[in-house]
Amino acid sequence: MSNYTLELKNLTKIFGRRLVFKDINYKFETGKVYGIAGSNGSGKSTLSKLIIGISSPTSGKVLHKFNNSTLDADYYHNHVGFVSPYLVLYDEFSAEENIDYFSKIRGVQKDSSRISSLFEEFNLTDRKTDLLKGYSSGMKQRMKFIFALQHDPELLIFDEPTSNLDSKGKEAVYNTVNRLKNNKLIIIASNEDADLKLCDNIINVEEYKS
Amino acid sequence: MKAFALFKKDWQSELRTRYAINALAMFILVTISVILFSIGQENISEYLTGGLLWVVIFFSAMSGLSRAFVSEEERGTTLTLQLIAKPSTIFSGKLLFNVLLVFIMNTAITILFFLLFESFIIRDSGTFIPSFILGNIGIAVSSTIIAAIISKASSKGTLYPVLSFPILLPLILTLLELTKFSIDGQPLDESLIELTVLFSYDMIMLTAGYMLFDFIWKD
């Protein structure tokens, strides 16, 4: 089993005069599911963005370690799978074409049987050749999970993973988390009690406001 | 290969959405038509026609080349790109796309100038062709990095030409000079200083682009 750890060291983010959070020190390890909790606008998504390296902290550090070697921020994308409400895939392409292009741009070999089983898991096999612009919001949300899991990443960050999903969709997400939790480092940022029930440890962003 | 895959994705996306091509084609047609109508039966000098060529090219670039990044920002797919590739790959892919677009656009404009303006006569293509190639690369590189900067701003349409003008000015001035030489029939070996300036401009912008893109790309 690969070992992925994530360390937040004195992580602080300030937007203008607004302090989002201050001095977060936390260590995440493979084999556990972590929750990021907090009310709307408390900074859960901001923390997720800092973790995946698409936003810079005001001070402090985020360290990604894969098998005890620290990763350069430029290469996080090969190890991270991310689902979020503000993630948008390409509407002018079909689900299959999206996945094809993402594999090529990532520079990874597309594992067709793995991709097929992901389409099965998220119940999109029948619609995988349809353009994404014809998808409902729930289908687009399920498609984001296929996008996040296609390259078999070690770190999975699910920001509000069950938004727009019906009960069947939520069940698919929970089954996926349960299937992967022993071999992956999973972080769920959510307000939903049902989502946070999956977590072994919960970090509340609101505790880091002063 | 990764950058080429991104270029292919952008090209396929462009063919399906016609985000930039339609805007560029319409802009070129309208601008050249306006120039033709305003000239009427007047005879304009060869140098002026050469100057008008680069004016049309500059404003056409302003109308279409920002799309490489602006379209991603407007559709909300910037985050998706950030999640699948490192910044240098994104920059290379977008640059390839803009280089192709610039070459198609500028070749079309130049052909239209040859067909529609009697006073557009290039006597020495040995000077014109290398300056055209280096000029196109310069426009594509500068436009790509400026497009990345303005894509995060709220008033993208205004900011793009405003920010581009001072950056593209040395390039356009050198291209005007080289076009004048080509019209005069000055041979290539007498235009080497200007061509070296063009080449240096391209190299500086390319290096600056790769160095700056990391900072522009992150929030």
Side-chain angles (χ1 to χ4, degrees), chain A residues 13 15 20 45-46 48-58 71-94 97-110 131-133 140 143-144 147-151 153 155-157 159, chain B residues 1-23 67-97 148-149 151-152 154 209-219:
Chain A
K13 184 72 182 179
F15 285 123
V20 185
S45 298
T46 305
S48 306
K49 283 183 181 179
L50 292 183
I51 290 173
I52 58 173
I54 58 164
S55 183
S56 306
T58 307
L71 290 175
D72 188 279
D74 274 357
Y75 298 95
Y76 289 172
H77 63 269
N78 282 335
H79 300 273
V80 177
F82 187 63
V83 172
S84 152
Y86 42 82
L87 177 73
V88 181
L89 305 179
Y90 293 94
D91 272 355
E92 66 272 27
F93 295 129
S94 69
E97 287 171 327
N98 265 284
I99 296 300
D100 265 358
Y101 279 124
F102 296 146
S103 301
K104 285 174 186 159
I105 296 169
R106 272 200 173 101
V108 294
Q109 194 70 40
K110 192 180 124 189
L131 296 184
L132 252 56
K133 64 180 163 196
K140 283 182 180 171
M143 184 59 206
K144 289 177 195 177
F147 163 73
L149 295 165
Q150 69 164 124
H151 54 301
L155 169 61
L156 291 162
I157 303 179
D159 185 5
Chain B
M1 272 317 279
K2 295 176 199 171
F4 188 70
L6 176 61
F7 159 76
K8 264 180 78 178
K9 187 276 294 172
D10 276 355
W11 190 246
Q12 193 63 39
S13 172
E14 181 57 41
L15 292 178
R16 289 189 189 179
T17 60
R18 306 288 164 104
Y19 212 90
I21 289 175
N22 283 354
R67 305 285 178 173
F69 284 103
V70 171
S71 68
E72 301 279 359
E73 199 66 40
E74 284 177 354
R75 290 182 294 172
T77 48
T78 302
L79 172 64
T80 313
L81 278 185
Q82 289 171 325
L83 288 169
I84 57 175
K86 58 180 184 173
S88 58
T89 308
I90 307 286
F91 185 69
S92 305
K94 295 291 180 186
L95 179 60
L96 278 175
F97 177 75
I149 295 169
S151 67
K152 307 274 180 191
S154 50
Y210 276 103
M211 285 171 72
L212 291 173
F213 188 70
D214 237 17
F215 301 99
I216 298 164
W217 192 232
K218 275 189 183 179
D219 277 347

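Just so it is clear: chains get the letters A, B, ... in the order the sequence lines come, proteins before strands, and each one is counted from 1.
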Quick check on A/Lys133: does its NZ atom have over 12 non-hydrogen neighbours (other residues, nucleotides or ligands) under 6.0 Å away? no
Relative to chain B, which segment of A/Ala73 carries a heavy atom at a distance below 4.5 Å: side chain, backbone, both, or neither? side chain
Is it the case that atom NZ in B/Lys8 sees more than 12 heavy atoms from other parts of the structure closer than 6.0 Å? no
What distance separates A/Ile105 CD1 from B/Ile90 CD1, expressed to the nearest 0.5 Å? 7.0 Å
Looking at A/Arg106 and B/Lys2, what are the two nearest heavy atoms and their distance? O-CE, 3.6 Å
Atom pair CD1 (A/Ile54) and OG1 (B/Thr78), whose distance is rounded to the nearest 0.5 Å: 9.5 Å
If I measure from the heavy atoms of chain B, does A/Ile52 come under 4.5 Å with its side chain, its backbone, both, or neither? side chain
With respect to chain A, which residue among B/Asp214, B/Leu83, B/Thr89, B/Thr17 yields the maximal number of heavy-atom pairs within a distance under 4.5 Å? B/Leu83
Check whether B/Arg75 gets within reach of chain A through its side chain, its backbone, both or neither, counting any heavy atom under 4.5 Å. both
Under 4.5 Å to a heavy atom of chain B? For A/Ile157 that would be neither
Does a side-chain heavy-atom distance below 4.5 Å link B/Thr80 with A/Phe102? yes
Would you call A/Lys104 and B/Phe4 a side-chain contact if the rule is heavy atoms closer than 4.5 Å? no
Rounded distance (nearest 0.5 Å) linking atom CD of B/Gln12 with atom OH of A/Tyr90: 13.5 Å
Do A/Asp72 and B/Lys86 touch side chain to side chain, with heavy atoms closer than 4.5 Å? no
Side chains of B/Leu79 and A/Val88: does their closest heavy-atom pair fall under 4.5 Å? no
Go through the atoms of A/Tyr86 and report whether side chain, backbone, both or neither lie under 4.5 Å from a heavy atom of chain B. both
Between CD of A/Glu92 and NZ of B/Lys9, what distance do you get to the nearest 0.5 Å? 7.0 Å
